[in-house]
Amino acid sequence: MKSEPSEFGIDDLKTRKTAHWDGVRNYQARNYMRDMKKGDRIFFYHSSCPEPGIVGIAQVVREAHPDHTAFDRKNDHYDPKSDPDNPTWMMVDVKFVRKLGRVISLEALKADSRLDGFALTRRGNRLSVMPVSDAHAEVVLGLASSR
DNA sequence: GCCAACGTTGGC
DNA sequence: GCCAACGTTGGC
């Protein structure tokens, strides 16, 4: 899952312990969130910042439920088309697990051929929520712990 | 700030 | 249903 650290970064999650992953307004990303199960682990990715990359791990603590920020006129992610009786947008709740020992930079992710096919590094990818295969997750965790 | 890539909107 | 115009994302 991607977030801009200037808006909400891994340190914010660490402080808050848990958070609603609200504001997702893309159908494909929403669908991936709907598929998430309690206990699923999440790589936390920092985007639009000096060193884009994977910075930590979070975990699903509550499965998809309506994103109330879509109904709030004053919210940046307000969507007048989302009907409270049949909400368009969903969110999951996540909790902080840990920060990685170091940032696994986008550059490093792209450079590793074992990660070919990883949605995050696919050209033109703009999804803020995407799946990670077990094999790719192992590689990323390996990069995080190797020297 | 630039720009490629993509998603959404709306006229037809 | 097509597609041009527009808006957004996000790396650089």
Side-chain angles (χ1 to χ4, degrees), chain A residues 1-16 18-36 40-60 62-133 135-146:
Chain A
M1 299 179 102
K2 295 183 189 173
S3 184
E4 301 187 16
S6 59
E7 294 293 321
F8 185 80
I10 188 73
D11 289 326
D12 296 308
L13 183 60
K14 185 176 182 179
T15 301
R16 300 241 309 256
T18 68
H20 294 311
W21 204 272
D22 58 24
V24 172
R25 297 291 180 269
N26 170 283
Y27 287 99
Q28 206 177 343
R30 179 206 64 186
N31 293 347
Y32 285 133
M33 279 202 298
R34 246 176 3 197
D35 292 340
M36 289 178 153
D40 282 355
R41 299 199 141 222
I42 299 158
F43 284 125
F44 196 122
Y45 178 90
H46 279 175
S47 63
S48 295
C49 60
E51 193 182 17
I54 295 174
V55 295
I57 295 174
Q59 190 170 26
V60 177
R62 185 177 171 194
E63 296 177 8
H65 54 291
D67 180 347
H68 52 76
T69 66
F71 312 131
D72 178 1
R73 228 169 257 285
K74 293 187 289 295
N75 191 281
D76 285 345
H77 303 287
Y78 173 61
D79 180 4
K81 296 191 299 303
S82 184
D83 173 5
D85 294 326
N86 185 20
T88 306
W89 303 114
M90 312 289 280
M91 61 187 179
V92 294
D93 291 359
V94 307
K95 76 167 182 185
F96 175 82
V97 174
R98 65 183 173 94
K99 287 176 78 168
L100 297 182
R102 57 193 166 115
V103 177
I104 309 305
S105 69
L106 178 61
E107 187 183 14
L109 294 167
K110 281 180 175 169
D112 196 315
S113 62
R114 294 172 299 171
L115 293 174
D116 287 354
F118 184 14
L120 181 68
T121 51
R122 265 206 293 268
R123 166 189 160 79
N125 165 55
R126 289 168 52 204
L127 280 178
S128 62
V129 181
M130 68 200 86
V132 185
S133 70
H136 286 162
E138 285 300 317
V139 173
V140 173
L141 291 171
L143 289 173
S145 57
S146 71

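Please read all numbers here as calculations on a predicted model, not as lab measurements. Note on naming: letters A, B, ... go to the chains in the order of the sequence lines (proteins, then strands), and numbering restarts at 1 for each one.
- Nucleotide C:dG10 holds its C1' atom 15 Å from the CG atom of A:L109, rounded to whole Å.
- Between the side chains of A:R25 and A:S82, no donor-acceptor pair of N or O atoms lies under 3.5 Å.
- In this structure, A:R41 contributes its side chain and A:A58 its backbone to no donor-acceptor pair below 3.5 Å.
- Atom pair A:K81:NZ and B:dG10:C1' shows a separation of 12 Å (rounding to whole Å applied).
- For A:Y45 and C:dG11, the shortest distance from a side-chain N or O to OP1 or OP2 is below 4.0 Å.
- Rounded to whole Å, atom C1' of B:dT8 lies 15 Å from atom CZ of A:R30.
- Listed by first and then second residue, the side chain to side chain donor-acceptor pair (under 3.5 Å) pairs that reach into residues 5-16 of chain A are A:D11-A:K99, sequence neighbours excluded.
- Checking the phosphate oxygens (OP1, OP2) of C:dT8, no side-chain nitrogen or oxygen of A:K2 falls inside 4.0 Å.
- One atom, CZ of A:R123, and another, P of C:dC12, lie 13 Å apart when rounded to the nearest Å.
- Not a single donor-acceptor pair under 3.5 Å links the side chain of A:H20 to the backbone N or O of A:V92.
- One interatomic measurement links the two molecules: NE2 of A:H46 to P of C:dG11, which rounds to 12 Å at whole-angstrom precision.
- The nucleotide whose nearest atom lies closest to any side-chain atom of A:S48 is, among B:dA5, C:dG11, B:dT9, C:dG11.
- We find that CG of A:L106 is positioned 7 Å from C1' of C:dG11, with the value rounded to whole Å.
- When the C1' atom of C:dG10 is taken as reference, atom CD of A:E4 falls 8 Å away, rounded to whole Å.
- Minimum atom distance to the side chain of A:K110 is reached by C:dC12, of the listed B:dA5, B:dG7, C:dC12.
- Residue pairs meeting the ring pair (Phe, Tyr, Trp, His ring centres under 6.0 Å) criterion with at least one partner in residues 73-118 of chain A, sequence neighbours excluded, are A:Y27-A:W89, A:F118-A:H136.
- Comparing B:dT8, B:dA5, C:dG11 by their closest approach to the side chain of A:Y27 singles out B:dT8.
- For A:Q28, the side-chain atoms get nearest to B:dG7 when compared with the rest of B:dG7, C:dC12, B:dT9.
- Here the C1' atom of nucleotide C:dG10 and the CG atom of A:L120 are 11 Å apart, to the nearest Å.
- Of the candidate nucleotides C:dG11, B:dT9, B:dT8, C:dG11 has the atom nearest to the side chain of A:S47.
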